[in-house]
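Written below as structure tokens is the structure these notes are about.
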Amino acid sequence: MLSGDIPPNQTIYIKNLNEKVKKEELKRSLYALFSQYGRILDVVALKTTKLRGQAWVVFSEVTAASTAVRQMQSFPFYDKPLRIQYAKTKSDCVAKADGSFVPREKKKRKEEKAAEKRRKAEETQQSGVASNGQSFQSNGGPSVSQTSNQGKPQEAATPNNILFIQNLPFETTSAMLQILFREYPGFKEVRMIEAKPGIAFVEFEDDMQSSIAMQSLQGFKITPQYPMAITYAKK
DNA sequence: AGCACA
């Protein structure tokens, strides 16, 4: 099997990520890029020596993960092709949702393993040694787990640097759209067609930049009754 | 290359 015989999982494991990208930006960009395949429950990325260059994107549906694995395979992301597989284990946020979550002991490192051993010994002989002097200060990360966003359903959406905007109020002008879209890096131009009111094309320099703008402005209302619907233009 | 949940 191409995915390295790992069974399907609603979480995808991504490697070969550009390690120069800062963690929060990386998470945001991954969220932006992958939310086209479905609702994302969490994005996990750490920059420890063991885990830099990798990330996990947790979808609410396995089918969304499958589509993402296929369609975003080798997608150039910060100048490096994504390598995507299914994750090997269930994500905590999923376990928490289905009730199977059990907080793990931190047996990641040798010292911690040793600590655990000590602890176990302690347990068995009921000695009251309060030896664990670790003042465990979690390094204050805001842990940007996205709150409930509306996920766009999963269709064969092939990324494109050109976005297709629909459901615009007829009075929308390209100048109005420019004001919105030019905030996003890589913006090139807005094109509208006189004969077809309510739609527009917005071009970016590349797929990634268009994806980020799409995610950010998805559903944006120019007027209250018209949330804009953004998809990739057809190639 | 590397599968975690600060």
Side-chain angles (χ1 to χ4, degrees), chain A residues 1-35 37-119 130-149 151 215:
Chain A
M1 202 181 257
L2 276 143
S3 53
D5 58 6
I6 300 160
N9 189 312
Q10 73 192 82
T11 302
I12 58 173
Y13 168 70
I14 307 168
K15 60 183 178 179
N16 200 40
L17 291 165
N18 188 327
E19 297 179 13
K20 283 175 286 191
V21 184
K22 288 183 296 297
K23 189 170 74 176
E24 288 311 317
E25 178 184 344
L26 181 70
K27 285 186 177 185
R28 285 182 62 85
S29 298
L30 286 171
Y31 188 91
L33 191 62
F34 282 96
S35 56
Y37 297 105
R39 183 194 198 84
I40 292 175
L41 303 179
D42 198 11
V43 177
V44 175
L46 292 86
K47 300 212 68 173
T48 60
T49 39
K50 194 183 167 199
L51 292 170
R52 66 186 50 159
Q54 301 152 77
W56 290 260
V57 175
V58 187
F59 289 98
S60 64
E61 304 286 345
V62 187
T63 53
S66 300
T67 312
V69 170
R70 270 185 289 111
Q71 293 197 16
M72 295 306 279
Q73 202 60 258
S74 305
F75 181 84
F77 188 67
Y78 293 105
D79 302 320
K80 299 187 72 183
L82 296 179
R83 301 296 176 220
I84 314 175
Q85 302 167 353
Y86 293 113
K88 287 179 178 164
T89 57
K90 186 189 283 189
S91 295
D92 280 2
C93 74
V94 174
K96 280 171 182 161
D98 69 20
S100 64
F101 180 71
V102 38
R104 69 181 62 72
E105 300 303 322
K106 353 185 135 49
K107 52 190 171 208
K108 296 186 240 172
R109 297 282 158 104
K110 307 175 207 163
E111 328 97 53
E112 297 184 5
K113 223 173 189 174
E116 195 197 355
K117 213 175 239 172
R118 225 187 314 127
R119 199 179 172 198
S131 56
N132 54 346
Q134 43 180 339
S135 76
F136 199 89
Q137 190 70 348
S138 61
N139 51 350
S143 170
V144 181
S145 67
Q146 312 282 346
T147 49
S148 317
N149 287 45
Q215 170 60 24

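Proteins get letters first, then strands, A, B, ... in listed order; numbering begins at 1 in each.
Protein atom NZ of A:Lys80 is 11 Å distant from nucleotide atom C1' of B:dA1, rounded to whole Å. Atom-to-atom, CD of A:Gln10 to P of B:dA4 comes out at 17 Å; the value is rounded to the nearest Å. In this structure, A:Lys27 atom NZ and B:dA4 atom P are separated by 16 Å, rounded to whole Å. Across the protein-nucleic acid pair, A:Ile14 atom CD1 and B:dA4 atom C1' stand 13 Å apart, rounded to whole Å. Atom CG of A:Leu46 is separated from atom P of B:dC5 by 6 Å (rounded to the nearest Å). The interatomic distance linking A:Phe101 (CZ) with B:dC5 (C1') rounds to 8 Å, in whole Å. Distance A:Asn9 CG to B:dC3 P: 14 Å, rounded to the nearest Å. For the pair A:Leu30 CG and B:dA4 P, the interatomic distance rounds to 18 Å; values are reported in whole Å.
Separation of atoms CD (A:Gln54) and CD (A:Glu19) is listed at 8.5 Å; rounding is to 0.5 Å.
Under 3.5 Å, the side chains of A:Asn16 and A:Lys80 contain a donor-acceptor pair of N or O atoms. Judged by distance alone, the side chains of A:Tyr37 and A:Thr63 never bring a donor and an acceptor atom under 3.5 Å apart.
Listed pair A:Lys50 / B:dA4 meets the phosphate criterion, a side-chain N or O lying under 4.0 Å from OP1 or OP2.
Side-chain atoms of A:Arg52 lie closest to B:dG2 of the nucleotides B:dC3, B:dC5, B:dG2. Considering only the side chain of A:Trp56, B:dA4 comes nearest among B:dG2, B:dA4, B:dA6.
Note on ring orientation: taking the six-membered ring where Trp is involved, the planes of A:Tyr13 and A:Trp56 are tilted (angle from 30° to 60°).
Mapping A:Glu19 and A:Asp92 onto DNA chain B by nearest heavy atom places A:Glu19 at the nucleotide closer to the 5' end.
The base of B:dA4 is paired with the side chain of A:Ser91 by a donor and an acceptor separated by under 3.5 Å.
Residue-level contact check: A:Lys90 touches the bases, meaning some heavy atom is under 4.0 Å from a base atom.
No donor-acceptor distance shorter than 3.5 angstrom exists from the side chain of A:Asn9 to the backbone of A:Tyr86, with no hydrogens or angles considered.
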